[in-house]
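Encoded as structure tokens, the structure appears first; notes follow it.
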Number of protein chains: 4
Amino acid sequence: MNARRRSADRTETIMQTALDLAREVGYAKLSMEAVATRAGVGKDTIYRRWPSKALLFLDAVLSSRITGLEHPDTGDIVADLREVMIRAVDLLAQPPWGPLYQELIGEAQHNPEVAAALNERFIQPQTADTLARLKTAEEQGQLAPEFDLDLAFEVLSGPLYFRLLITHQPMTPDYIDRLLQAVFAGMGPQPQS
Amino acid sequence: MNARRRSADRTETIMQTALDLAREVGYAKLSMEAVATRAGVGKDTIYRRWPSKALLFLDAVLSSRITGLEHPDTGDIVADLREVMIRAVDLLAQPPWGPLYQELIGEAQHNPEVAAALNERFIQPQTADTLARLKTAEEQGQLAPEFDLDLAFEVLSGPLYFRLLITHQPMTPDYIDRLLQAVFAGMGPQPQS
Amino acid sequence: MNARRRSADRTETIMQTALDLAREVGYAKLSMEAVATRAGVGKDTIYRRWPSKALLFLDAVLSSRITGLEHPDTGDIVADLREVMIRAVDLLAQPPWGPLYQELIGEAQHNPEVAAALNERFIQPQTADTLARLKTAEEQGQLAPEFDLDLAFEVLSGPLYFRLLITHQPMTPDYIDRLLQAVFAGMGPQPQS
Amino acid sequence: MNARRRSADRTETIMQTALDLAREVGYAKLSMEAVATRAGVGKDTIYRRWPSKALLFLDAVLSSRITGLEHPDTGDIVADLREVMIRAVDLLAQPPWGPLYQELIGEAQHNPEVAAALNERFIQPQTADTLARLKTAEEQGQLAPEFDLDLAFEVLSGPLYFRLLITHQPMTPDYIDRLLQAVFAGMGPQPQS
DNA sequence: TGGTAAACGAGACGGTACGTCGAGTCTTAGG
DNA sequence: CCTAAGACTCGACGTACCGTCTCGTTTACCA
């Protein structure tokens, strides 16, 4: 089948090589030249597929099947949220995903294309999945009726991102429990009137 | 103490120039050569003071007096938190601070020195200030007695960082109100058992 | 033989530019950056071809066809030597060759590679050509039978180099005549036995 | 006379240090910074005495007493010339004088001040001394009456400079003998008419 | 003999160029 | 036409010295 002269084969090889190299030296020191050489591929073959180093990297990271972040539905919303948060945090805890994801977000800070693609391909699906699960819970009366559902993903994941990106404190299961506890219970002294 | 012969004059000029240029072209495209040229300074004069572009930039951003982020104490903890959050968000909303702060955090993702310095010089003081204000509120019974105070800064600012860095959605006063409401009221359906 | 993909085109352009610049500002003030800029070429493209400014300069000077320094054979050895010496001196008298050749030799004084290349590519062929012509003359009995032929080139050109490099006195046709006269006649009071 | 507050002491130290360093790394890699540091002297202290690196070097080389190049007068002009040539060549043969003198002449090729100073301070006295000795010999009838005395220094030393600067062939006593023999006997076949 | 101006060490300074590196584009030869 | 290879332009890197210019601090003259 030579009609498809951009063989999917090479696309895969390149992404895998990019990922391997990124693990070894980090995104910042990743060079297209090194990727091309190690993949045994001409630089043009890479640029024919991705317009820049950043977008190759993004593609490589996001395509490397990060699975298991869909919400289960056991009927217990807190347990289900906890489950997904734990899984996410486990993923980020074990190399290379934490550093790679960090660097990807770092790159997004001065590269609107990366920022947009990251949102579209990762953040929004994740948000939507969480929202769907929360909707179900709401219908089952497991949430405060007046709670601002659209905010929920941000309130729950915001602190995780804050630790990942800013303070680099560990995100332990215990931390997640405290976080869920705090967010579900609220800071206020009593049921607000 | 003969080490201190570097004129504060130049130090100031360089940081200001770096800041100006960063506003114009962004941190990513900021070059030491451009800073040196525009500041009318030799490159060595810069490298004598900062070991890298990243640390110059950090210094420039953090030294450019960002003030007004200390917590007032009007006796109303929610109002006081709101006040500071509004001010922070106003700062980030108006150029150049938002983009610069974003890029600074972006750089921190692959530069441990920047990450450490950012934490020490900006995040930790900010956290401590918030915590102090919350302690006062707690003593005055304005908070749920069991609330996890150490988490509070993360829970409140996490979502803001999430918007700033990830989704780039606007952080309006209304959004802050919704956030405070959600966090104070909690997600749970009733007085928790 | 894939090594040869460097376009001869660029090679030529670079040497010509180097030569032009050297004429304008001299070798000492010649900079690789200036050559690259004026030639519209990346610095690497230069460094890929020549390992140093010195060797580029040498190549540029020696490649810029200096012709007409081969010995004629009119049958009169003195006239033929005179002819070549006059031509050499004319070449050096008119800019830019004099200064360029001087500076090239200057560079050779602290750069063995330049010294070696200069010898191989210019001095030795010149010496050999002179020696050949002298051999012919000898066979024709135009030279003292016991004269040290291997010395001849040095005895005749040495004084020219001395003037070129050390005293910078002019090398006029008259001077050449005096030199030939002196060397052919000898300093001694009479025919040595 | 307070003008003279520059201690001769330091002047001497600096020249000696320059010379030492030049021996170690060569003139080309000699840096004023290194001279200053090793001499334990501020850079200004050097620049107060010499206007440039080149002139410091010249001064250092020429001041380091090169003696014994004056012509003796034993009555035998050939023997006397030979004596001085041998001594000169011995000096240049043993490090560091050969390389240093070469580099000095190299520098003179693009530095008129050095060239001028070198001529005035070294070449001209040397020439004058030789000429004086030749004059005596002429009066004593040891030279061909019509020989061009002004040329003599050039004819004799030219070949030596040629070897020193261009071909780097050794200048042995034997070579000097051959040179003297050739120059005194002349290249021509007979007593010239 | 103490006061003061120069010479001094130290090294910061504005500049210029170095040689290296990598991004992204372009060229060549082969299949 | 797509590919591997790698040359190309461009621009920035961080370094090294140049020769100049402050800084205090000796020194050594002279008042």
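Letters A, B, ... are given to chains in the order of the sequence lines, protein chains preceding strands, and every chain is numbered from 1.
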| Which atom names give the shortest non-hydrogen contact between A/Ala22 and A/Leu100, and what distance separates them? | CB-CD2, 3.7 Å
| Whole angstrom value for the distance that separates P of E/dG14 from CZ of B/Arg38 | 16 Å
| Which is true for D/Leu30 with a 4.0 Å heavy-atom rule: it touches a base, it touches only sugar-phosphate, or it touches nothing? | sugar-phosphate
| request: Select base, sugar-phosphate, or nothing to describe what C/Thr45 touches, counting heavy atoms under 4.0 Å on all strands. | output: base
| Just how far, in rounded Å, is P of F/dC18 from CH2 of D/Trp50? | 15 Å
| query | Atom NZ of B/Lys29 and atom P of E/dA23: how far apart are they, to the nearest Å? | reply | 15 Å
| Nearest-nucleotide 5' precedence on DNA chain E, B/Ala39 against C/Tyr47 | B/Ala39
| request: Could you tell me the separation between the CE atom of B/Met32 and the P atom of E/dG15, rounded to a whole number of Å? | output: 17 Å
| Could you give the CD-to-P distance, from B/Glu33 to E/dT20, as a whole number of Å? | 17 Å
| query | What pair of heavy atoms forms the shortest contact from A/Trp50 to A/Ile14, and how long is it? | reply | CZ3-CG2, 3.6 Å
| note | For A/Ala18 and A/Val35, the nearest pair of non-hydrogen atoms, with its separation, is CA-CG2, 4.1 Å
| task | Have a look at C/Arg10 and say if it touches a base, only the backbone sugar-phosphate, or nothing, with a 4.0 Å heavy-atom cut-off. | result | sugar-phosphate
| Test: B/Lys53 cationic atom under 6.0 Å from B/Tyr27 six-membered ring centre, within 45° of axis | yes
| query | Above 12 or not: heavy atoms from other molecules or residues under 6.0 Å from CD of B/Glu24? | reply | yes
| task | Take the protein atom CD of D/Glu113 and the nucleotide atom P of F/dG19, then report the distance between them rounded to whole Å. | result | 11 Å
| task | Return yes if a side-chain donor-acceptor contact under 3.5 Å exists between B/Arg38 and B/Thr17, otherwise no. | result | no
| field | Shortest side-chain distance from A/Arg48, nucleotide among E/dC18, E/dC8, F/dT3 | value | F/dT3
| field | Nearest non-hydrogen partners of C/Ala117 and C/Leu58, listed with the distance | value | CB-CD2, 3.3 Å
| remark: Of A/Ala36 and C/Ala36, the one whose nearest nucleotide on DNA chain F sits closer to the 5' end is A/Ala36
| Distance, rounded to the nearest Å, where D/Ile14 contributes CD1 and E/dC8 contributes C1' | 10 Å
| message | Can you work out whether A/Lys53 or C/Ser52 has the more 5'-proximal nearest nucleotide on DNA chain E? | response | C/Ser52
| field | Interatomic distance where CZ belongs to C/Arg49 and C1' belongs to F/dT9 [whole Å] | value | 13 Å
| task | Determine, for nucleotides 21-26 of chain F in 5'-to-3' order, which nucleotides have protein heavy atoms under 4.0 Å from the base (write B), from only the sugar-phosphate (write S), or from neither (write -). | result | BBB---
